[in-house]
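To keep things clear, I will list the structure first and then write my remarks on it.
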Amino acid sequence: MKNLIKYILVMLVFTGIIACDTLEPIDENRLGFDFVTTNPNAAEGVLLNGYTGLIDQYSFSEAATDDAVNNILDNNYKRMALGELNAQFNPTARWGNFERVFWVNRFLEIIDAGETQWSRDALTNEMFEMRMKGEALALRGLHHFYVLQAHAGIGTSGELLGIPYYTEFIEANGNFNVARLSFEASVQAIMADFDEALNLLPTDYGLSAGQVDPWYANLENFDYDKYGIVNDNFFELRISGRIVKALKARLALFAASPSFLNSQSYYDMAATNAAQILNTIGGVAGLDPNGNEFYASDDNIFSSESLWRGSIGGNSSTLEKRIFPPSVNGNGEINPTHNFVMAFPMQDGYPATVANGFDPQNPYTNRDPRLEKYVVVNGAEFGGGTINTGLGGGNDRLDSIPGQSTTTGYYLKKLLQPEVRINNDGTAQGKRHADVYFRYTELFLILAESANEIGGPDYQVDGITARDVIAAIRNRAGITQPDNYLASITTKEDMRELIRNERRIELSFEGHRFWDLRRWGLSLNEPAKGYFFNGSNYVELPSVEVRNFQPFATYMPIPNSETLKFSELEQNNGW
């Protein structure tokens, strides 16, 4: 970890802002901390490092779950799922997020020093300090959460442990030999940072004069025009109070889960924070009608569905070249499993079983319309061509080309821009993409899961029930109304299974399934199934890939290099 922060004392700032010929040279041409402290552009640059390393939807960790297989033989998630996971090899490790923690801790030192002048106007300067201190605290909590999610677990002592929690910048020669807090103490420390941030950040950027939060509006000599300089919608991609509340809900649900605290109080915290936000958009009526499209077109990049996203990039086709089927010049890398396909119900909402009308030889008829949106099935039109994964399917056929053709009989459709076209010569007509950090649909599902665990399907949290949420999501999906299957769900246990299945579908291939299986304490070793059309019939392939996680892999390891360096750092049991 010392190597991660070795050069945080000095930083190179945007070359367009600071010209080299205006500075006196110092050792190795680096900018000293005194300069960074007194130069607002340089100081803000320290804060902006906290926005690196945010977790978006493109990890494809689903390839190490029952939802997908990666067709590249040396893919890290494949290697992990096949049994190579250990404290030296862990593709899902996030210990490196502590680097961002130290960046924001350094920035908080800059703020506390009070030597940086963000504006010559005293009120504007005060509001800049408030907002950016709030950003730093929120980002510190968030990066600690990322590490907690990936490395919390039962230690060799038998105690449920969290992570070290760093609230100060530590010099390169400082003491990093810090013990892990208990799991709940770690959660409480993150919550404390989130709560402090909520008292400093605007709920949203670009608020009207009548909407300004009281901690700003009540400042002495408050001036809305000056407020607009600090919290204009120009800053809308930065972390806000709304986002922090959503992150609190996510953290509380994680903490409340069966593999961790199994706690009603944390379920209550998750549900309350989620409901407070959702009621500002009209409750279940505010569910974006196009929120399950992801990329419906180049002009619909998650407008009202995105609670927090990064900037929208320029036209690209990199992702599509990785994922599109071979016949449309992709590498077909991510292959959804038949397990995942069978998670989609029939169009009337009932599970896809023969008793409910599922036909194994006509498997994609009368199914939940989301299946067509998310998965390329045999015979589907996609990427400018017809994709045949069965006998006679050429390069698209199952196992036709190792490392390129599907291994399961399916290709991925979700996350991809449907209008991208890849030419035979490798050139492409690209489309815009966006990193998504939090969707409103996730927040709805957090509320549903939490409310059901507190009091069952019809327990109300600020007027919203789990049944309300699932009804809205399934109605948006195109499930035939009335949804008689949902109406038949009366117990907490049955609703729990339905919510988990809806979460599996709605948040698929966005990096959630890998962690959901662990927090729920479910099996990590479900064999990945395939489905193949042999020219006459569809045949189920029961074990396309046999997973081999150790029984203690519910809790992932602390990097071995860290436990070797620091004697106080207790490893999780089994690693």
Side-chain angles (χ1 to χ4, degrees), residues 1-5 53 55 59-66 70 74-102 142-166 176-187 189-190 251 254-255 257-262 511-526 545-575:
M1 188 176 295
K2 292 180 181 180
N3 292 332
L4 292 177
I5 54 85
I55 306 299
S59 73
F60 294 117
S61 59
E62 287 81 6
T65 75
D66 51 358
N70 192 297
D74 62 351
N75 173 263
N76 284 342
Y77 290 120
K78 179 186 287 289
R79 292 173 57 195
M80 177 171 67
L82 292 177
E84 292 189 49
L85 174 65
N86 57 56
Q88 293 83 30
F89 178 76
N90 177 10
T92 62
R94 293 179 182 166
W95 208 257
N97 280 79
F98 278 128
E99 177 182 3
R100 284 83 179 187
V101 169
F102 287 113
L142 176 57
H143 285 293
H144 275 107
F145 167 71
Y146 288 152
V147 181
L148 182 72
Q149 185 181 41
H151 299 290
I154 296 175
T156 53
S157 63
E159 181 184 358
L160 181 61
L161 296 176
I163 55 175
Y165 206 87
Y166 296 100
F176 293 93
N177 194 15
V178 179
R180 297 165 66 184
L181 300 179
S182 71
F183 178 82
E184 187 164 16
S186 301
V187 171
I190 299 171
L251 169 63
F254 173 70
S257 300
S259 294
F260 296 100
L261 298 178
N262 200 19
H512 294 276
R513 182 72 174 170
F514 184 86
W515 305 111
D516 281 347
L517 290 174
R518 284 165 169 76
R519 69 180 180 86
W520 291 329
L522 299 183
S523 172
L524 307 178
N525 287 324
E526 291 297 317
E545 192 168 278
V546 177
R547 272 56 195 281
N548 185 25
F549 285 104
Q550 296 289 342
F552 45 82
T554 293
Y555 308 111
M556 303 292 276
I558 306 294
N560 186 62
S561 59
E562 299 296 307
T563 57
L564 289 177
K565 285 185 292 187
F566 304 118
S567 60
E568 292 293 320
L569 197 57
E570 184 178 334
Q571 180 61 276
N572 284 333
N573 187 45
W575 301 108

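These numbers were taken from a predicted model, which means no experiment stands behind them.
At least one side-chain heavy atom of Met556 sits under 4.5 Å from a side-chain heavy atom of Leu85. At least one side-chain heavy atom of Leu160 sits less than 4.5 Å from a side-chain heavy atom of Phe260. Side-chain contact between Tyr555 and Asn572: present, with at least one pair of heavy atoms (C-beta onward) separated by less than 4.5 Å. Using a 4.5 Å heavy-atom threshold, the side chains of Asp516 and Thr65 count as separate. Between Met80 and Asn90, the closest side-chain pair of non-hydrogen atoms falls below 4.5 Å. For the pair Phe183 and Leu261, the minimum side-chain heavy-atom distance is below 4.5 Å. In this structure, Val178 and Tyr165 have side chains that are not in contact, with every pair of non-hydrogen atoms separated by 4.5 Å or more. Residues His151 and Glu562 fail the side-chain proximity criterion, which asks for heavy atoms closer than 4.5 Å.
Ring-plane geometry between Phe98 and Tyr166 is classed as perpendicular, the angle between the planes exceeding 60 degrees on a 0 to 90 degree scale with a lower cut at 30.
Separation of atoms CG (Asn573) and OG1 (Thr554) is listed at 11.5 Å; rounding is to 0.5 Å. Remark: Ser61 OG to His512 NE2 distance equals 9.5 Å, nearest 0.5 Å. Taken from CG in Asn560 to CH2 in Trp575, the straight-line distance is 12.0 Å, to the nearest 0.5 Å. Between the CD1 atom in Ile558 and the OG1 atom in Thr563 there is a gap of 8.0 Å [rounded to 0.5 Å]. Residue Leu181 holds its CG atom at 9.0 Å from CG of Leu161, rounded to the nearest 0.5 Å. For the atom pair Leu82 CG and Arg547 CZ, the distance stands at 7.0 Å (nearest 0.5 Å).
Taking all atoms of both residues into account, the shortest heavy-atom contact from Val147 to Arg94 is CG2-O, 3.3 Å. What you find for Tyr77 and Phe60 is that their closest heavy atoms are CD1-O, 3.6 Å. Between Val187 and Ala255, the shortest heavy-atom distance links the atoms CG2-CB, 3.9 Å. Pairing each heavy atom of Ala81 with each of Glu545, the nearest pair is CB-OE2, 4.4 Å. Minimum interatomic distance between Leu148 and Leu251 (heavy atoms only, all atoms of both residues): CD2-CD1, 4.2 Å. When all heavy atoms of Trp95 and Pro559 are compared, the closest pair comes out as CB-CG, 3.7 Å.
Cation-pi contact between Arg518 and Phe549: present, with separation from the ring centre below 6.0 Å and deviation from the ring axis of at most 45°.
A side-chain donor-acceptor contact under 3.5 Å links Asn86 to the backbone of Glu84. No donor-acceptor distance shorter than 3.5 angstrom exists from the side chain of Glu159 to the backbone of Ile154, with no hydrogens or angles considered. No donor-acceptor pair closer than 3.5 Å links the side chain of Tyr146 to the backbone N or O of Asn97. The backbone N or O of Glu570 lies less than 3.5 Å from a partner atom in the side chain of Arg180, making a donor-acceptor pair.
In summary, the aromatic rings of Phe254 and Phe145 are positioned with their centroids under 6.0 Å apart.
In this model, no donor atom of one side chain and acceptor atom of the other lie less than 3.5 Å apart for Ser523 and Asn525.
For Glu184, there are no salt bridge (charged side-chain N to carboxylate O under 4.0 Å, His left out) partners two or more places apart in sequence or in a different chain.
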